[in-house]
Amino acid sequence: MQNKVNKYLRSEMLPHIWCPGCGNGIVLGALTRAFGLLDCDQDNTVVVSGIGCSSRASGYLDFSTLHTTHGRALAFATGIKLARPELKVFVIMGDGDSTGIGGNHFIHAARRNIDLTAIIFNNSIYGMTGGQSSPLSPLNSKATTAPQGTLERPFDLPELARAAGATYVARGTTYHANMLTQLIKNGADHKGFSVVEAITACPISYGRRNKMGNGYDMLLWQKEHGIPVERARKLEPSEMEGKFAIGELHKSDAPEFTDIYERFIDEKQINHREAKKA
Amino acid sequence: MSIRERLSGNEAVAIAIRQINPDVMPAFPITPSTEIAQMVATYIANGQVNTEFIPVESEHSAMSAAIGAEAAGARSLTATSSCGLALMWEVLYVAASSRLPIAMAVVNRALSSPININCDHSDSMGARDAGWIQIYSENNQEVYDNFVQAYRIAEHPSVRLPIMICQDGFYTSHAVENMELLEDREIKDFVGEYAPESYLLNSRQPLSVGAYGLPAYYMEAKRSQLEALKNAKQVTLEVAEEFARLSGRNYGLFEAYRLEDADYAMVIIGSTAGTAKDAVDKLRAEGKKAGLLKIRLFRPFPGEEIAHALKNAGFIACMDRTESFNGQCGPLGAEVKSALFNARLMPEVINYVYGIGGRDVAVENITSVFEDLIRIEQTKDAGDRYRYLSLRE
C-alpha cells in the first residue's frame, strides 16, 4: 500500500510545513490512501485547493494541482469539471475557506450537485493567520478575534451541505484515519457533489487557546467525541450533547450537473442540425 | 505628554484605534494586517473600548458592513492587505462615491499569483483610482501619526471621503521600533466625536445612500466627488499643522530630504525611504548631490507641489513598488512625469520597479540607482527608462 500511494506525493516537497501536532498531515495521508484505493490516474485527476493551512496540501500531491484564492476553490473546480467532465476533481478546503469567505460557492456547488469531491479540513479556526474565529468555531470558543469566546453560532457543516443539495455527506476525524480514507474513497466513487468533513486538530492556534492540550490530547478528544453514525442515531439528543456523528451521514441520488448539461447541449445540437436540414 | 514605547506598526495602529475608540470595526483576517483586528478584539474583551467588532465572512463583507455602519452615522474602520483589498474593489468605490469617511489600515502586500505574503504596493496602487484618500507611511511613528490624523482629514466637511493609511507589510507592520505615543485624552480631544451632518434613520432628514444615477446626473456626482478629493490636500496640511502643535512632529504632503540643491533626485513611497535616506547621506558625504522626495499623500496627488520641489533636479529616479503592466511606467512614475510635464519641466526621469513580492532593498541597491543617474548624466545616454532593480537574470 505504502509504495502504491507514495507516487501520489511530491516527496521532494516533504517534510511539510504544518505545525507540530497538526492533524492536516493525517488528512493528507487519508486522502493519499484513498487515491490508492481508487487507483487514481494522475493524468486524469485534478486537485484544487483554496487558501489556508488545508490548502497547502495540494502542493504535496503529485497531480495537476491548482492552488486558488481564498474561498473560491469550488468555483475554479466547477470550471474545470464543466470543461473536462471526464476528469476526477478533488477540492481541498478549510473550514473558514469553505463556509466563510467561500460559503456561497459551497452552497451553490451543492445545489448544482456537480460531481466534485470536497474535502474540508475542519480545525475550527483560521489557523494560517493565527487563530481567528471561523464560521465553524464552536460557540463560546476562544480565538484571537474572540478572546472571551465567540458570540456567533457555528454552522453544522454536514447539515448545511445536505440542505443545500449535496448528495454525499460524510464526516470523519484524524483519529479515525482509516474511516476517513474510506469516506473519501466513497465520496469520490459517488456521482454528484460529495462533501467529506475531516475534523482535524490545530493545537497551536485552537487547542492551546481552548485548553484542549497538545495534538495527542486533541486526537483523543476526537476519539471520545466522534460517535459512529449508526450508534449516534440510537442515542438521545441529550446523550449526543457536545458530541458529533461520524461516518456516512447522508447519501441520495439526484441528477448530476455536468451530465444534465451535456445532455442539454447534445439535444440542442441535434435540434439545430435537424432544423438546418429541414 | 508623550509616551515612549517600542511597538510594531500593527500595534501602533491598534493603539491609535483604542485611543480613538471608533464605533464599528468589521474585519476579516489576512496576513500581514490580521493583528490589528485581533488587538482591537482584545481591547473590546478587556472593556477598554466600546467598539463593536464584526467577524465578517470576507473582506467584501467587511467593507460592506463598514459602509452600512458609516451610513448609519457610526465612525467605522477596517484593516486589510493584498487580496483582501482586491476583494473589496467593488465596494471601495461605493464607500467613496457615497462620501462615507471610513478609515482603513492597509498593510501593503503583494497580490496573487504566485501567492506571496510579502510587501509591495500592488494592492493599494490597484485601488488608487477608487476615490479614496491615500496616505503612506515610512516607519512605525508615521503609521501611528497618520492614523491619528486620518479621521480629521476624512470627516472634514469639505472632504467627507474614505481614507487609506498604508504601511509596508512586515517592514513596519511587524518590525518593532522606538516611538512616541500621545496620551489617550490628547488623541480623543484631537480626533473628537463623530457628528455627521446626514445619516440614515434620521427622521428629521430622511436620506437615501447609493441611489441610481441617471446619465443626467452621474457626471456631476463624479465631479463633486473630485472636488471633495481635491479639498483633501489643503485639509491634510491643516490637520498636519494642528498635529504638529500637539506632537511636535511635522508632516506635509511629502517629505523633501536634502532635495533643495539635489542634481539627482529619487521619488519613493513607504519604508524604503529610510534606506534611501542612508544612501543619500552616503552619496552626499562623497560630494554627490543626491536628494529624496518621499510621498506621503498619494491621493489626491499633489502634482504641482511635487513638480516645484523637483524643479532643480536634472535626473530623477521614480521608484515603483508595483508593476502596473502598461509597458512604460509604474503608477508613481506616471504621476510624477505627468506633474513635471504640466509644469513644463523636462528632467531625465528613469522609472524603477523595485522590491515587489518582498524583494529586499539594501542601501547598496538604492545607491546603484543614484549611480545610474550619474552615469546617464556623464554618458548622455538614458538607456531604458523603465527598469527593474535587483532582478535576478
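Source: prediction; values computed, not measured. Naming: A, B, ... by sequence-line order, numbering from 1 per chain.
- Only the side chain of A:I51 comes within contact range of chain B, with heavy atoms under 4.5 Å apart.
- Taking the ring centroids of A:F193 and A:F257, they lie at or beyond the 6.0 Å cut-off.
- For B:Y136, the ring-ring contact (aromatic ring centres under 6.0 Å, His included) partners are B:H121, not counting sequence neighbours.
- Remark: the backbone N or O of B:N140 is paired with a side-chain donor or acceptor of B:E177 at under 3.5 angstrom.
- Heavy-atom distances place the side chain of B:L87, and not its backbone, under 4.5 Å from chain A.
- Under the side-chain contact (heavy atoms from CB on, under 4.5 Å) criterion, B:R6 pairs with B:V176, B:N178, not counting sequence neighbours.
- Checked by atom type, the side-chain pair B:S137/B:N146 shows a donor-acceptor distance below 3.5 Å.
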Between chain B and chain A, donor-acceptor distances below 3.5 angstrom:
from, atom 1, to, atom 2, distance (Å)
B:Q38, OE1, A:Q132, NE2, 2.3
B:Q38, OE1, A:T144, OG1, 3.0
B:E57, O, A:I101, N, 3.0

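- Only the side chain of B:I115 comes within less than 4.5 Å of a heavy atom in chain A; its backbone stays farther off.
- For residues 67-77 of chain B, the set of pairs meeting the side chain to side chain donor-acceptor pair (under 3.5 Å) definition, not counting sequence neighbours, comprises B:E70-B:S76, B:E70-B:Y194, B:R75-B:E155.
- Looking at heavy atoms from C-beta onward, A:L61 lies out of side-chain contact with A:F90 at the 4.5 angstrom threshold.
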